[in-house]
Amino acid sequence: MERMLTVSHLQTAFDTDQGKIISVDDVSFALNPGETLALVGESGCGKSVTALSIMRLLGKSSRIEGGQILLDGTNILALDEKQMQDIRGNQISMIFQEPMTSLNPVFTIGYQIMEAIQIHQSLDKKQARDKAIEMLKKVGLPRAEQMMDEYPFALSGGMRQRVMIAMALASKPKVLIADEPTTALDVTVQAQIMRLMKELCTESGTAIILITHDLGVVAEMADKVIVMYAGQVVEDTDVFTLFEKPNHPYTQGLLGSVARLDADDDTQLVAIPGAVPARYQSMIGCRFYNRCSFAKDHCRTQSPPLSEIAQGHAVRCWEADEVGRNREERYE
Ligand SMILES: Nc1ncnc2c1ncn2[C@@H]1O[C@H](COP(=O)(O)OP(=O)(O)O)[C@@H](O)[C@H]1O
Ligand SMILES: [Mg+2]
């Protein structure tokens with residue numbers, strides 16, 4: 001199938017008072033139309049910076065230092081800002097976690113959706129209004145006509161997020177990036193909104209990059225998964241393999257910290273001890289070394305490559321074989 005988005009060897013850096021930080025280090029993945037890729041990992045692993053790199057929405061102190069991003073065959077890193085503006089919100093849309101980038105409180109819902117529609121589509125006011133109402137209905141908002149004249153504060157968090165999805169999908173984008181889109185909402189609403197998002201994207205062939213630390217959401221939504229740790233991809237696989245045969249100690253740790261439905265009530269969540277290192281680019285050896293129960297001496301001194309252990313399954317770990325054997329023993 002034709003690739004919709006290909007990210008190859010992306011490297012993104014920040015200039016800080018303490019010098020240069022490489023936040024995303026050699027990240028690669030590819031998406032087909034209609035496919036959902038989940039980017040998972042703890043806070044600070046480079047997920048949002050990866051997303052903002054694709055949108056080319058990095059601030060002044062940050063830049064893409066290497067790699068290639070192809071959107072439906074177009075190298076978007078070679079485009080100027082004006083060309084990029086035509087792509088943003090049109091061919092690639094992004095929805096953020098509230099309240100970071102919510103709606104503007106001083107304009108009506110209708111005004112904001114119509115504006116988003118008219119930036120990219122040459123529709124007159126009446127047509128844009130009809131399109132806006134159609135999109136609001138599509139995302140399951142029942143009083144769409146009335147809602148056009150309301151202000152964001154009149155809506156619940158879940159309704160606001162539906163409006164954001166309506167705006168993001170109005171142009172039938174090739175790619176939708178959703179960065180922790182529902183973490184601010186309650187669990188039932190989260191699930192409804194995720195399903196809706198997936199349904200609309202399947203309908204329009206839109207590929208989704210879903211950033212989440214919720215592995216339940218990954219299981220329900222994703223086709224493929226990239227696990228990131230300290231700016232790097234540590235495991236890259238399809239969603240079934242992720243849950244059935246996780247082969248990086250970090251992935252196993254993330255899975256271990258998911259509450260099991262069949263667990264006793266007083267079972268503690270097993271979080272991974274330690275924290276993501278803050279300045280990871282100067283580390284030699286494996287970046288997960290100090291948190292890893294499989295670590296050997298060479299893991300401290302030599303940085304492991306991302307290598308394919310089975311078709312379509314890549315892992316960045318010197319001890320991947322041992323980790324796999326150990327997993328099989330535990331589940332037998
Ligand atoms: N504006 C910034 N200036 C300096 N460093 C930043 C900035 N934004 C992000 N970073 C660093 O980039 C790394 C990745 O951050 P981010 O992509 O936001 O993580 P995630 O989304 O996985 O939680 C972190 O170490 C973070 O400190
Ligand atoms: Mg983030």
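Every number for a ligand or one of its atoms is a count from 1 in the order of the listing. As the structure is a prediction and not an experimental result, all values here were calculated from the model. The chain is numbered in sequence order, starting from 1.
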- More than 12 heavy atoms from other groups under 6.0 Å of CD on E244: no
- Compute the minimum heavy-atom distance from G59 to ligand 1 and say whether it is under 4.0 Å. no
- Task: Answer yes or no: does an N/O atom from G46 fall short of 3.5 Å to an N/O atom of ligand 1?
- Result: yes
- Query: By number and element, which atoms of ligand 1 are closer than 4.0 Å to a non-hydrogen atom of S48?
  - Reply: 17 (O), 18 (O), 20 (P), 21 (O)
- Message: Within ligand 1, which atoms have a heavy atom of S43 less than 4.0 Å away?
- Response: 23 (O)
- Message: When you compare ligand 1 with K47, is there at least one nitrogen or oxygen pair between them that comes in under 3.5 angstrom?
- Response: yes
- Message: Looking at K198, I want to see if its NZ is surrounded by more than 12 non-hydrogen atoms of other residues, nucleotides or ligands under 6.0 Å.
- Response: yes
- Item | 2.8 Å shell around the Mg ion (ligand 2), exclusive bound, protein N/O/S atoms | 1
- Query: Going by heavy atoms in the side chains, are F288 and V234 under 4.5 Å from each other?
  - Reply: no
- Item | Under 3.5 Å: donor-acceptor pair, side chain of D236, backbone of I226 | no
- Could you tell me whether E150 and R143 have a side-chain N and a carboxylate O separated by less than 4.0 Å? yes
- Message: Any salt bridge linking R325 with E328? Criterion: basic side-chain nitrogen under 4.0 Å from a carboxylate oxygen.
- Response: no
- Atoms of ligand 1, numbered as shown, that sit under 4.0 Å from any heavy atom of C45: 19 (O), 20 (P), 22 (O)
- Carboxylate-amine/guanidinium proximity below 4.0 Å for E81 and R88: yes
- Task: Looking only at distances, please establish whether an N/O atom of ligand 1 is found under 3.5 Å from an N/O atom of F14.
- Result: no
- Item | Side-chain donor or acceptor of R287 paired with backbone N/O of A230 under 3.5 Å | yes
Considering only distance and modelled atom types, tabulate donor-acceptor pairs under 3.5 Å from the side chains of residues 207-220, sequence neighbours left out.
unit_1 : atom_1 : unit_2 : atom_2 : d
T212   : OG1    : D214   : N      : 2.9
H213   : ND1    : E180   : OE1    : 3.4
H213   : ND1    : E180   : OE2    : 3.3
D214   : OD1    : G216   : N      : 2.8
D214   : OD1    : V217   : N      : 3.3
E220   : OE2    : R195   : NE     : 2.6
E220   : OE2    : R195   : NH2    : 3.3

- Message: Just to confirm my output: which protein heavy-atom neighbour is closest to atom 23 (O) of ligand 1, and how far is it?
- Response: G44 N, 2.7 Å
- Task: Determine, using heavy atoms of G41 and all atoms of ligand 1, whether some pair is separated by less than 4.0 Å.
- Result: no
- Q252 side chain vs K245 backbone, donor-acceptor pair below 3.5 Å: no
- Message: List ligand 1 atoms under 4.0 Å from S23, heavy atoms only on the residue side.
- Response: 11 (C), 12 (O), 13 (C)
- Message: Please determine whether a side-chain nitrogen of the Lys or Arg among K47 and E42 lies less than 4.0 Å from a carboxylate oxygen of the Asp or Glu.
- Response: no
- Message: S61 versus ligand 1: do any nitrogen or oxygen atoms come within less than 3.5 Å of each other?
- Response: no
- Can an N or O of T50 be found at a distance shorter than 3.5 Å from an N or O of ligand 1? no
- Message: I'd like to know if K126 and D130 make a salt bridge, using a cut-off of under 4.0 Å between side-chain N and carboxylate O.
- Response: yes
